[in-house]
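Counting from 1, the numbers follow the sequence of the chain as shown. Counting starts at 1 for both ligands and their atoms, following the listed order.
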Amino acid sequence: MRSAVPCTGSAGRSMTRYATGIFYHPSFSRRSYLTAGARLADFPMALDGILRSDRVHLYEPGPVSRELLLKVHTPGLLEKVKGDPLCATAWHSAGGVVMAGEKVAEGEIANAFAFIGAGGHHSGRDFFGGYCCFNDVALCIVNLREKFGYRRFAILDTDAHHGDGTRDLFLSDPDILHVCFCGLDYESPDGTKVDVAHPAIRGTGNGRTINDVHFDRVRKEFPHRVRNFRPDLVFWYFGFDTHRGDYGDIGLTGPFYWDIACLVRDLAAEVCDGKLEVVLGGGSETRLATYLIPPVIERLAGLS
Ligand SMILES: [Zn+2]
Ligand SMILES: [Zn+2]
């Protein structure tokens with residue numbers, strides 16, 4: 001199926017060594033919250049074709065440090081995560097998201113795709129759940145602020161569910177633009193915290209598909225805010241639980257996600273020199289992960 005919105009922008013700065021870094025640890029395919037359904041069982045093999053390109057590079061992350069974790073979470077949360085067998089991959093998941101941000105900031109890669117075994121956006125300072133353990137994006141942000149002097153970040157969250165952990169951590173931080181497509185309808189007085197309701201699955205009218213309606217909503221709500229906000233880096237929190245048949249089904253199919261990949265890539269090229277990190281979120285089905293993720297990475301790398 002062809003994407004309705006071809007990527008038009010540049011696929012990355014010419015001085016970077018690779019267009020796209022892929023961050024993946026073998027444990028993500030074996031054991032984790034989200035591998036109750038073994039969703040990454042086909043990885044990394046499903047990336048074989050992509051990895052033949054010299055535009056992409058595969059990185060294997062180590063665990064996130066306790067020192068960094070304690071800058072985002074309470075000691076009590078760390079203990080509870082340690083005691084939860086479903087969070088076994090949490091350290092390497094957050095480690096990959098943090099490392100991806102560093103590689104972008106160092107200029108080794110223009111943008112990044114971070115796989116995870118355990119999710120992040122339902123993890124707040126002192127709570128976690130919903131397949132999430134440590135807040136990977138928040139850890140990456142704190143690290144980039146401290147090590148590289150980055151300050152402002154824009155987060156697009158298209159996972160089916162409200163990113164309550166991320167919102168909790170950055171509620172009073174005006175340097176974080178958090179636009180979350182979750183079914184709520186909200187905008188903070190300063191305009192940096194936004195929730196957008198899902199479109200109705202039925203009754204889109206005029207022969208338009210749910211993909212078209214939802215994509216138009218993202219295009220209407222996110223880019224103009226990012227252009228005004230001028231972030232140092234853009235995150236896309238990419239859950240595919242919104243796909244038809246998955247556990248957060250709002251009726252979407254492949255072209256929606258692939259079009260979003262183009263949108264965020266081109267937007268980052270326009271506002272922050274291409275600095276973009278895509279972080280995997282919810283979604284449980286192996287066949288969907290295998291079908292949806294490689295084309296997203298191809299678009300980030302300018303391979304399609
Ligand atoms: Zn979700
Ligand atoms: Zn939300």
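- For Phe115 and Phe43, the ring centers are positioned less than 6.0 Å apart.
- Within the cation-pi definition used here (under 6.0 Å to the ring centroid, within 45° of the axis), Arg152 qualifies as a partner of Phe229.
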Evaluation steps, side-chain hydrogen bond (donor to acceptor under 3.5 Å, both in side chains), between Tyr59 and Glu108: CA-CA 12 Å; Tyr59 297 86; Glu108 190 166 306; 2.6 Å; yes
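- Here 4 is the count of protein N, O or S atoms positioned under 2.8 Å from the Zn ion (ligand 2), waters not counted.
- With Tyr150 as reference, Leu233 is the one residue of Ile141, Asp175, Asn143, Leu233 to meet the side-chain contact (heavy atoms from CB on, under 4.5 Å) rule.
- Looking at Tyr257, Tyr237, Trp236 one by one, the single match for side-chain hydrogen bond (donor to acceptor under 3.5 Å, both in side chains) with Thr158 turns out to be Trp236.
- The minimum heavy-atom distance linking Asp173 with Lys193 is given by the pair O-NZ, 2.9 Å.
- The Zn ion (ligand 1) is the vertex of the angle joining OD1 of Asp159 and OD2 of Asp241, which measures 100° to the nearest 10°.
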